[in-house]
Amino acid sequence: MQGRVRIVFEGDTGVVDFHTAHDKAVIYVSEADLISGPAYRKKLAKLRKAKKLKGIVLVEKTPMTEQYFLDVQKFVVIELGFVLLPVTNQVEAGNLLVQMVNEENKPNGNPFIAKAKRGISQDQAVLSTVQMIPKLGSVKAKALLCRFKSIHGIQAATMHDLSDVVGRTNAQHVKAFFEEKRKVR
DNA sequence: GTGAACTGCGG
DNA sequence: CCGCAGTTCAC
């Protein structure tokens, strides 16, 4: 391992962020952050504003935080456009960071390889986010992701292209969903 | 896991 | 425009 990253978790208080490279930040949202209310969102939004970063959010997904997870996804992935990686604890988060740093230091290494290595969890998080759109279940959500690759891709798609995949009425649901999100901001 | 309701498509 | 097949969603 070439580069060194010191990882310090502040126990269960506050959002901690790490810079693994110039344009990326990794933010850890703890179980306690989630449970204690929406304060963590302000920190994330602020970080988003301050720099045009590619954010990666590691969120503790445990039985305790399961009920908050969909809301977190909606906020982090759709509103902020960050990557969301669920982890079960801080140790796993640390391992993930090490992997990311290792990959980054390799010539031509892909810093996002870690998500591929961990298999389906990331894709599944994205998938269930897309399923939050009314009338979209697993089949149509997969179809959309297959065609447009990402949530951002779906957001940017035209009515015509959306209609090709899920039909006209569902395309309108998709449009309405993202329109709603714009209004809220 | 099952059924009702809805969507899209082909005839 | 109707019926069928596939999908979503609430129970």
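Quick note on labels: first sequence line is chain A, next is B, and so on, each numbered from 1. Keep in mind that the numbers below use all heavy atoms, side chains included, and drop hydrogens, waters and symmetry copies.
Counting to the nearest Å, the P atom of B/dA5 and the NZ atom of A/Lys135 are 12 Å from each other. One atom, NZ of A/Lys142, and another, P of C/dT7, lie 10 Å apart when rounded to the nearest Å. Here C/dT7 presents its P atom at 14 Å from CG of A/Leu127, a figure rounded to the nearest Å. Rounding to whole angstrom units, CZ of residue A/Arg168 and P of B/dC9 are separated by 12 Å. Separating the CG atom of A/Leu136 from the P atom of C/dT8 is a distance of 7 Å, rounded to the nearest angstrom. The interatomic distance linking A/Leu144 (CG) with C/dT7 (P) rounds to 13 Å, in whole Å. Rounded to an integer number of Å, the gap from CD of A/Gln172 to P of B/dT7 is 11 Å. Distance CG (A/Leu70) to P (C/dC9): 13 Å, rounded to an integer number of Å.
Side-chain contact, A/Glu31 with A/Thr62: a donor N or O sits under 3.5 Å from an acceptor N or O.
Contact between the side-chain N/O atoms of A/Thr169 and the OP1/OP2 oxygens of B/dC6 is not found at any separation under 4.0 Å.
Dense packing is recorded around NZ of A/Lys175, with more than 12 heavy atoms of other residues, nucleotides or ligands lying under 6.0 Å away. Applying the 6.0 Å contact sphere to CE of A/Met64 captures no more than 12 heavy atoms from other residues, nucleotides or ligands.
Within the 4.5 Å cutoff, side-chain heavy atoms of A/Asp164 are placed close to those of A/Arg147.
For A/Asn170, the listed nucleotide lying nearest its side chain is B/dT7; candidates were B/dT7, C/dC9, C/dT7.
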